[in-house]
Amino acid sequence: TRLRVEGLLSAFHKLVDLDRDHTFIETETVRYIYQPLKSLHLLVVTNKSSHMLDDLEALRLLAKSGSDIVFAFDEVITFGQRESVTLSQIT
């Protein structure tokens, strides 16, 4: 649910240690796998029974296409307002 996701994201910010070399955190119920991107983090949250190597591959793929996604959001939303653009203007 939305409330659960918000709780997980809030917990992540409290758990992450920027001075550590690790890019994952495990709690009793979930695993956070993340990659720092400048002042942000690209984050995958999974249950602990998921296959960590598959999760790392998913994170890698998201990171590879992440800049395209961020660029697309930047083109569509400016200062919290939706811009009037077409798909061809974004790609």
Side-chain angles (χ1 to χ4, degrees):
T1 66
R2 180 180 174 173
L3 189 58
R4 171 111 168 102
V5 171
E6 289 174 352
L8 290 170
L9 292 176
S10 176
F12 171 74
H13 287 289
K14 294 174 186 171
L15 294 169
V16 70
D17 182 358
L18 300 176
D19 295 328
R20 292 179 53 196
D21 290 335
H22 297 272
T23 56
F24 72 94
I25 300 167
E26 289 187 349
T27 68
E28 286 185 27
T29 57
V30 298
R31 178 182 299 128
Y32 299 94
I33 302 172
Y34 62 96
Q35 179 175 335
L37 297 172
K38 296 183 181 178
S39 63
L40 302 173
H41 288 92
L42 182 61
L43 175 66
V44 173
V45 181
T46 65
N47 60 39
K48 288 178 65 174
S49 64
S50 70
H51 193 270
M52 190 172 210
L53 292 178
D54 291 340
D55 299 338
L56 287 168
E57 179 65 15
L59 182 67
R60 187 188 68 76
L61 290 171
L62 286 170
K64 186 175 178 181
S65 62
S67 61
D68 295 336
I69 293 169
V70 169
F71 176 72
F73 276 114
D74 184 50
E75 290 297 309
V76 174
I77 300 171
T78 304
F79 300 113
Q81 301 295 317
R82 185 185 184 286
E83 295 288 321
S84 244
V85 295
T86 64
L87 182 59
S88 62
Q89 290 173 305
I90 295 172
T91 56

Nearest-0.5 Å distance that lies between atom CD in Glu28 and atom NZ in Lys48: 7.5 Å
Heavy-atom side-chain contact between Tyr34 and Val16 under 4.5 Å: yes
With heavy-atom distances below 4.5 Å as the criterion, would you say the side chains of Leu3 and Glu6 are in contact? yes
Locate the shortest heavy-atom distance separating Glu26 from Arg31; write the atom from each residue and the value. OE2-NE, 2.9 Å
Within this structure, what is the OG1-CE distance for the pair Thr46 and Met52, rounded to the nearest 0.5 Å? 7.5 Å
Within a strict 4.5 Å, meaning less than it, do heavy atoms of the Tyr32 and Thr27 side chains meet? yes
Atom NZ of Lys14 and atom CG of Leu9: how far apart are they, to the nearest 0.5 Å? 12.0 Å
So do Asn47 and Thr29 actually touch side chain to side chain, heavy atoms under 4.5 Å? no
Minimum heavy-atom distance between Arg4 and Val30, given as atom pair plus value: NH2-CG1, 3.7 Å
Considering non-hydrogen atoms only, spot the tightest contact between Leu59 and Leu43 and give its length. CD1-N, 4.5 Å
Heavy-atom closest pair (Asp55 atom, Ile33 atom, distance to 0.1 Å) is CB-CD1, 3.2 Å
